[in-house]
Structure formats: C-alpha cells, structure tokens
Amino acid sequence: MSRAEDIFEKLIYFGEDAIDEFIMNRQTEELFMDFKQAASDGKSMRALHQSDRRNLGKAISAFGNSEGGVLVWGVECAKDLELGDVAKAKVKVQNVHRFLSWLENAISGCTIPSHNKVRNHIISCDKDGNGFLATYIPKSDIAPLMTTQGSQIYIRSGSNNVPAPYAVIAGMFGKRPQPNMELVISDKTVAAGKDGDEDIFAPAKKSRKKENFVTVKFSLFAQNNSNAVAKEVYLSCNTLCAGGAKTKVNFAYDGQLENLSSAHNSINLITPLGMRVPPRALFSCAKAEIRFADDITEDFLMDGVIGADGATPKSFRIYISKNDLRSFVAQAVRKNADLAVLANEFFSQYLKTE
C-alpha cells in the first residue's frame, strides 16, 4: 500500500475525526496530501466552479506524475513561517453529494490523457448536506499528464504543485512502463483465548495454569499495479522485535514461490525464474500468524519489503510499542471485546507503508 492510499484509507475509516486530528496537530500540506476549500456552493451553481476545476486538474497532473496523493476538500490552511501551509479550520463543502457528482464528471476532462483511476469519497455529511470529501489520485502509468486548463505538466515538489522542468518531461516521454508491486493485506482477524489443546503453538499441560493469548492473522498478497509484466517478484518479512519471550510468529507461504533460507520468525520469498506476473494481477504470497501472550516486555516490530526486477522496492512495517501492545492484548482478552474493530484498528494504526 502506498503512502497516498494509506492516507485515503485513514480518512475513509476515521471520517471527520481524521480531519479534526489534522487541525489539532497542525498537519502540513506535504508530498502526498493537499488541502483545499471548495469554491462551488453546490446550490445556486450548476457546475463545478472554475477554481475547483483548476485545482483538481493541477492535483491530478502533479500527483499522477509523481507518487500519488490525496486532495482533502473542506480544510482551510494558514501560513506557518517554519512549517509552511498547515491545516487551520474546517470549512465544509456545501451540498457535498452534488459536489461529488461534479468532481466525478470533471475528472476525465481535467488532463490529457485522462487519469481513470482517480477515486472520490465523502468523508462525512451533516443533516444539511454539507461535509468533507477526499480525492485519491494514484501514480499514473501513462505519465506525463497535462492539464487541459493552461496546458501545463505538473509534478509534486514538497507541498506544492510545480510545472515540471524540461529534463523531467523529457524523461517521461518514451519511458518504458515499469512494474509497480504493491503489498495487499487481507483476511485480517484477531482472536483471543487461553492456551489449550487447540493452540498449535503451546498445547496446555494439565499441571500448569492456562494463560491468555491473542492471535493476529492476515494474508499477504502482491499486486502488479502497472501496465508492465513483472518478473522476479520478491517479498521479505522479518520480525526484529517480538514483543515478549512467549510471542510466536508463524508464516505459511504459497507453493508457487521459493522460500530462501531465513532467520527465525522471518520469510524471504521470490517467484521462480520464468514466472511472469501480468499487469493488474493479484496473487497470494503468504499467510502470517502472530500469537501474543500477556507477558509483553518489549516493542513489536515486523519489517518488510516488496518489489520486482526493475521495480522500485516498497517498504512496510508493523510497529507497536510495548505499552500500546499491552493495551491491545488487554482489550482483546476482555469479555465481549469487538475483535473485528480491534483487527481494523491494529492495521490502520500500526501498519506503515512507504
């Protein structure tokens, strides 16, 4: 998962609370995120305001020609001499559903060629129909993207959309598409119980006291998110800090991949020579199972990387401090705990991708 997609999913999952957090923490506009107020009032107007169309086109061009990004509509920014533009206040988009419809209709006409992978999501909507919206713009496979208003090719530079220098534009033309491998994590579950005969890690003996444990399970998939065929796809995942002496990490990998010799609690996978992964293909790499006991004595850190021949490697990690891990285990073993919610929170808070 890219950094831009990570931000977009955070906004989907946490809704308006994520915007409140941006404002409270004085979140700066950055390489992967931009804040905008909507000029369209959604009521008296019959189409997207030219200012909003211009901002949308520049964002699609800049983020699409770079590494992707998210445009958050409904946030006012203020200048900070040290930090730059920071989130200052909420300014709701009027008639946010109408605004969404206008954005959807405008996307295809904002750039040449059009970027058909742009996604919009309403973050929240109040009883008056006003709210906030996010536009997710992934990296384009057919760069460069030129705006239809002003005929400019933009790239993302820091927190700004800037016209691309000639050398950058020249490098974009005629460039052969490269594979772009993304990590997809699914089948995320959390289970809690006491060790017993059904616990494959530590079958209980009648003579000893049963201990609480929490099991986190998930599947790791690789997706070739490009228009190029990928070869020699690899995935490495290493547990650097276990969280405690009784923590157990287990991997089961797909039989079509080769597993190189690796250290305990780690896995190093690569596709065999001759195996090719077509564009947009998604395939299973491994299943992971982490069992946390209630003897947490250190942080937990699982570090990994995914890539392919000719592709830029993408790093990912699951990091949770010992205090947060103790809290997580305590919540999970609690009676009537909502384990599905805990599973989503675990990965939304502690999984970080490049």
Side-chain angles (χ1 to χ4, degrees), residues 1 6 183-221 234-254 257-270 284-306 314-354:
M1 184 185 298
D6 184 48
L183 176 72
V184 177
I185 293 184
S186 64
D187 307 324
K188 297 172 282 192
T189 63
V190 170
K194 294 181 180 294
D195 52 3
D197 293 336
E198 294 182 358
D199 178 10
I200 63 172
F201 288 120
K205 296 179 180 179
K206 294 182 179 180
S207 60
R208 72 179 176 89
K209 180 182 177 180
K210 293 183 178 181
E211 297 179 338
N212 292 321
F213 69 87
V214 175
T215 303
V216 179
K217 296 182 180 180
F218 54 96
S219 299
L220 297 99
F221 290 81
Y234 57 85
L235 171 69
S236 295
C237 195
N238 304 304
T239 306
L240 304 179
C241 297
K246 296 181 181 179
T247 302
K248 303 294 182 182
V249 180
N250 182 55
F251 290 99
Y253 65 94
D254 194 282
L257 303 177
E258 297 177 359
N259 183 26
L260 307 180
S261 59
S262 57
H264 183 54
N265 295 345
S266 301
I267 195 168
N268 295 301
L269 303 174
I270 191 167
S284 172
C285 293
K287 297 182 184 297
E289 182 173 339
I290 311 169
R291 196 199 76 158
F292 297 110
D294 52 9
D295 69 327
I296 306 303
T297 57
E298 64 178 7
D299 300 345
F300 179 84
L301 174 59
M302 179 180 285
D303 208 9
V305 64
I306 188 171
K314 305 287 181 65
S315 299
F316 62 93
R317 62 170 41 192
I318 297 175
Y319 171 74
I320 177 169
S321 69
K322 64 181 179 182
N323 290 334
D324 287 343
L325 186 53
R326 287 169 181 161
S327 175
F328 170 76
V329 171
Q331 291 180 69
V333 300
R334 190 177 300 158
K335 187 177 180 180
N336 299 325
D338 193 332
L339 298 178
V341 170
L342 284 175
N344 283 329
E345 289 181 351
F346 182 88
F347 288 95
S348 65
Q349 293 184 35
Y350 305 119
L351 172 67
K352 304 298 180 184
T353 56
E354 188 179 71

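Just so we're clear, the structure is a prediction, and the values are computed from it rather than from any experiment.
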Visitor: Answer whether the closest heavy-atom distance between the side chains of Tyr234 and Asn268 falls below 4.5 Å.
Guide: no
Visitor: Please name all residues satisfying ring-ring contact (aromatic ring centres under 6.0 Å, His included) with Phe251, sequence neighbours left out, ordered by chain then number.
Guide: none
Visitor: Starting at OG1 of Thr297, measure out to CG of Leu325 and round the result to the nearest 0.5 Å.
Guide: 9.5 Å
Visitor: My understanding is that only residues two or more places apart in sequence, or in another chain, count here; which of them pass salt bridge (Lys or Arg N to Asp or Glu O under 4.0 Å) with Asp294?
Guide: none
Visitor: Enter the distance from Ile270:CD1 to Asn259:CG here, rounded to the nearest 0.5 Å.
Guide: 11.5 Å
Visitor: Given side chains that start at C-beta, do those of Ser284 and Phe221 come closer than 4.5 Å, heavy atoms only?
Guide: yes
Visitor: Would you confirm whether Glu289, through its side chain, and Thr215, through its main-chain N or O, come within 3.5 Å as a donor-acceptor pair?
Guide: no
Visitor: Do you know the tightest heavy-atom contact between Val249 and Asn265?
Guide: O-OD1, 3.3 Å
Visitor: Please lay out, stage by stage, how Phe316 and Ile185 fare under the test side chain to side chain contact (heavy atoms under 4.5 Å, CB included).
Guide: CA-CA 11 Å; Phe316 62 93; Ile185 293 184; 5.5 Å; no
Visitor: Under 4.5 Å between any side-chain heavy atoms of Val333 and Phe213, yes or no?
Guide: no
Visitor: So Leu220 and Leu183, do their side chains get closer than 4.5 Å, heavy atoms only?
Guide: yes
Visitor: May I ask you to decide if Ile296's main-chain N or O and Arg326's side chain share a donor-acceptor pair within less than 3.5 Å?
Guide: yes
Visitor: Measure across Ala332 and Ala337 and return the closest heavy-atom pair with its distance rounded to 0.1 Å.
Guide: O-CB, 3.8 Å
Visitor: Applying side-chain hydrogen bond (donor to acceptor under 3.5 Å, both in side chains), can you list everything that pairs with Asp299, at least two apart in sequence or on another chain?
Guide: Tyr319
Visitor: Listed by chain and number, what are the side-chain hydrogen bond (donor to acceptor under 3.5 Å, both in side chains) partners of Ser327, not counting sequence neighbours?
Guide: Gln331
Visitor: With heavy-atom distances below 4.5 Å as the criterion, would you say the side chains of Phe292 and Phe300 are in contact?
Guide: yes
Visitor: For Asp338, which residues count as a side-chain hydrogen bond (donor to acceptor under 3.5 Å, both in side chains) partner, sequence neighbours excluded?
Guide: none
Visitor: Just how far is it from atom CG of Leu269 to atom CD of Glu258, taken to the nearest 0.5 Å?
Guide: 10.0 Å
Visitor: What's the spacing between Cys241 SG and Ile320 CD1 if we round to 0.5 Å?
Guide: 13.0 Å
Visitor: Which atom names give the shortest non-hydrogen contact between Ala343 and Lys188, and what distance separates them?
Guide: CB-O, 4.0 Å
Visitor: Would you say that Asp187 contacts Lys217 through its side chain, given a criterion of any heavy-atom pair below 4.5 Å between the two side chains?
Guide: no
Visitor: How many angstroms lie between CD1 in Ile267 and CG in Asn250, if you round to the nearest 0.5 Å?
Guide: 9.0 Å
Visitor: Out of curiosity, Glu345 CD to Leu339 CG, how far, rounded to the nearest 0.5 Å?
Guide: 11.5 Å
Visitor: Are Tyr253 and Leu235 close enough that some pair of their side-chain heavy atoms sits under 4.5 Å apart?
Guide: no
Visitor: So Phe328 and Phe346, would you call those rings parallel, tilted or perpendicular, with 30° and 60° as cut-offs?
Guide: tilted
Visitor: Tell me, please, which residues at least two apart from Lys287 pass side-chain hydrogen bond (donor to acceptor under 3.5 Å, both in side chains).
Guide: Ser219
Visitor: Under the criterion side chain to side chain contact (heavy atoms under 4.5 Å, CB included), I'd like the reasoning laid out for Leu240 against Arg317: C-alpha separation, chi angles, the key distance, then a yes or no.
Guide: CA-CA 10 Å; Leu240 304 179; Arg317 62 170 41 192; 5.6 Å; no
Visitor: Any side-chain heavy atom of Phe218 within less than 4.5 Å of one from Leu351?
Guide: no
